[in-house]
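Below: one structure, written as structure tokens.
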Amino acid sequence: MSAAAMLIALLVEGILGWPDRLHDRIGHPVVWLGRLIAWLERRWNRPTRSARTRMILGGAVVIVTLTAAVLPALALAVLLPGGWAGAVLTGLVAAPLVAGRSLYDHVARVARPLAAGDPDGARKAVAMIVGRDPAQLDRAGIARAALESLAENASDGVVAPVFWGVILGLPGIAGYKAINTLDSMIGHRTERYRHFGRVAARLDDIANLVPARLTGAIFCLVCARPGAAAGTMLRDAGSHRSPNAGWPEAAMAGGLGVRLSGPRAYGERSSDEPWLNAAAPDPDAQTMARGLALYLRGMMVLALALAVMIPMA
């Protein structure tokens with residue numbers, strides 16, 4: 001009944017999200033994992049240690065974090081009843097680990113001020129979801145950053161958790177969220193994390209290998225230009241700095257008929273990334289609205305696929 005449980009999780013999160021009152025009172029499961037990772041990183045990632053030692057200790061952080069996430073999920077999965085009752089309860093527990101509604105809301109908060117002619121408001125909103133310097137983003141740069149985040153996090157935040165939840169149940173979705181949180185916190189190619197976060201980054205690459213390509217395929221299926229989207233994805237995905245993020249991002253670029261990625265600035269550090277769908281024009285506020293609509297259609301297809309899988313379980 002894993003497909004049924006993940007469908008329930010997707011629907012519950014899509015309808016309710018994670019209420020602010022609940023977040024203020026108890027936080028969020030991903031925040032709990034983040035606090036553990038930050039605590040371990042402060043104690044173990046010391047620049048005086050050798051590269052090899054830091055890599056080993058970074059691997060230890062992965063083991064501790066995965067254990068903290070998977071063991072309670074495994075114990076709960078054993079205790080829950082079978083059948084539809086278990087599927088419903090599993091779906092309710094798993095719902096906070098799926099980010100479908102929260103992702104839409106975050107990107108919509110960028111789109112609204114951009115459409116209203118308020119680039120400063122859009123910069124403040126986009127700074128909440130990307131790491132690049134918002135002060136250096138023009139209107140097209142804001143739209144690109146938000147659409148790239150929408151595409152990548154559709155995979156990381158929705159499709160991948162659901163995928164691993166279907167494959168491995170509640171321990172699978174909990175384990176994936178631990179891996180993804182580790183990568184987002186310590187899997188960076190900076191001097192501080194190059195060695196300490198290597199294991200986390202590689203594990204995240206493996207965990208997202210199938211979901212990223214599946215997300216790209218979904219975007220190709222639901223867009224108005226499926227041939228262009230598929231062609232752009234197959235041509236440009238491999239040029240992305242990430243072995244996985246390029247698939248949904250290139251599919252969205254081709255499906256919307258705009259260019260994404262390209263050079264960007266992170267504070268004082270710049271990164272000369274290649275373009276995805278380079279010959280196309282830049283996105284704007286209208287493109288963002290179309291991107292959000294494409295995302296919603298993609299999530300509907302994901303829900304439909306889960307519904308179709310239920311009789312097979």
Side-chain angles (χ1 to χ4, degrees), residues 1-45 57-103 153 155-187 196-197 199-204 206-208 211 306 313:
M1 299 296 287
S2 293
M6 291 305 106
L7 176 59
I8 292 166
L10 190 65
L11 294 176
V12 168
E13 198 278 338
I15 295 169
L16 301 177
W18 188 251
D20 291 339
R21 184 178 298 179
L22 193 59
H23 189 284
D24 293 341
R25 179 165 295 185
I26 66 170
H28 187 277
V30 173
V31 175
W32 306 339
L33 288 172
R35 288 172 180 164
L36 173 62
I37 295 164
W39 185 81
L40 292 169
E41 192 272 339
R42 286 195 300 270
R43 282 154 180 77
W44 292 355
N45 187 21
L57 289 173
V61 171
V62 171
I63 293 171
V64 171
T65 306
L66 273 172
T67 301
V70 172
L71 279 186
L74 187 60
L76 190 56
V78 171
L79 292 173
L80 288 174
W84 275 102
V88 171
L89 291 172
T90 300
L92 292 173
V93 172
L97 305 180
V98 181
R101 175 168 179 163
S102 60
L103 173 58
N153 286 293
S155 176
D156 292 359
V158 187
V159 176
V162 167
F163 174 84
W164 287 109
V166 169
I167 299 296
L168 297 173
L170 196 58
I173 191 172
Y176 173 78
K177 292 304 291 188
I179 291 169
N180 191 241
T181 305
L182 281 158
D183 180 67
S184 67
M185 294 186 67
I186 64 174
F196 190 78
V199 175
R202 296 297 176 267
L203 190 57
D204 185 76
I206 295 169
N208 283 295
L306 290 170

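Every value quoted in this text rests on a predicted model; they were computed, and no experiment measured them.
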Side-chain touch Val30/Asn180, heavy atoms, less than 4.5 angstrom: no

All pairs passing salt bridge (Lys or Arg N to Asp or Glu O under 4.0 Å) where residues 70-84 contributes a residue, at least two apart: none

Nearest non-hydrogen partners of Ala4 and Ala87, listed with the distance: CB-CB, 4.2 Å

Atom pair CG/CD of Leu57 and Glu41 - distance to nearest 0.5 Å: 11.0 Å

Spacing of Ile186 atom CD1 and Leu40 atom CG [to the nearest 0.5 Å]: 9.0 Å

Ile179 and its side chain to side chain contact (heavy atoms under 4.5 Å, CB included) partner, picked from Asp204, Val62, Ile206: Asp204

Minimum heavy-atom distance between Ala178 and Leu33, given as atom pair plus value: CA-CD1, 3.9 Å

Exercise: identify the closest heavy-atom pair between Ala94 and Met6: CB-CE, 3.9 Å

Heavy-atom check, side chain of Val98 versus side chain of Ile173, under 4.5 Å: yes

From Leu97 atom CG to Leu170 atom CG, the distance as rounded to the nearest 0.5 Å: 7.5 Å

Minimal non-hydrogen separation, Val158 against Ala99, with atom names: CG2-C, 3.9 Å

Interatomic distance, Thr90 atom OG1 to Leu76 atom CG [nearest 0.5 angstrom]: 7.0 Å

Shortest non-hydrogen contact from Ala207 toward Trp164: O-NE1, 2.9 Å

Identified side chain to side chain contact (heavy atoms under 4.5 Å, CB included) partner of Ile63 from the options Thr65, Thr67, Leu66: Thr67

Side chain proximity check, Val61 to Leu182, heavy atoms < 4.5 angstrom: yes

Nearest-0.5 Å distance that lies between atom CZ in Phe163 and atom CG in Leu168: 9.0 Å

Atom of Ala174, atom of Ala73 and distance for their closest heavy-atom approach: CB-CB, 3.7 Å

Qualifying residues under side chain to side chain contact (heavy atoms under 4.5 Å, CB included), relative to Leu92, sequence neighbours excluded: Val12, Val88

Point-to-point distance, once rounded to the nearest 0.5 Å, from CG of Leu103 to CG of Asn153: 5.5 Å

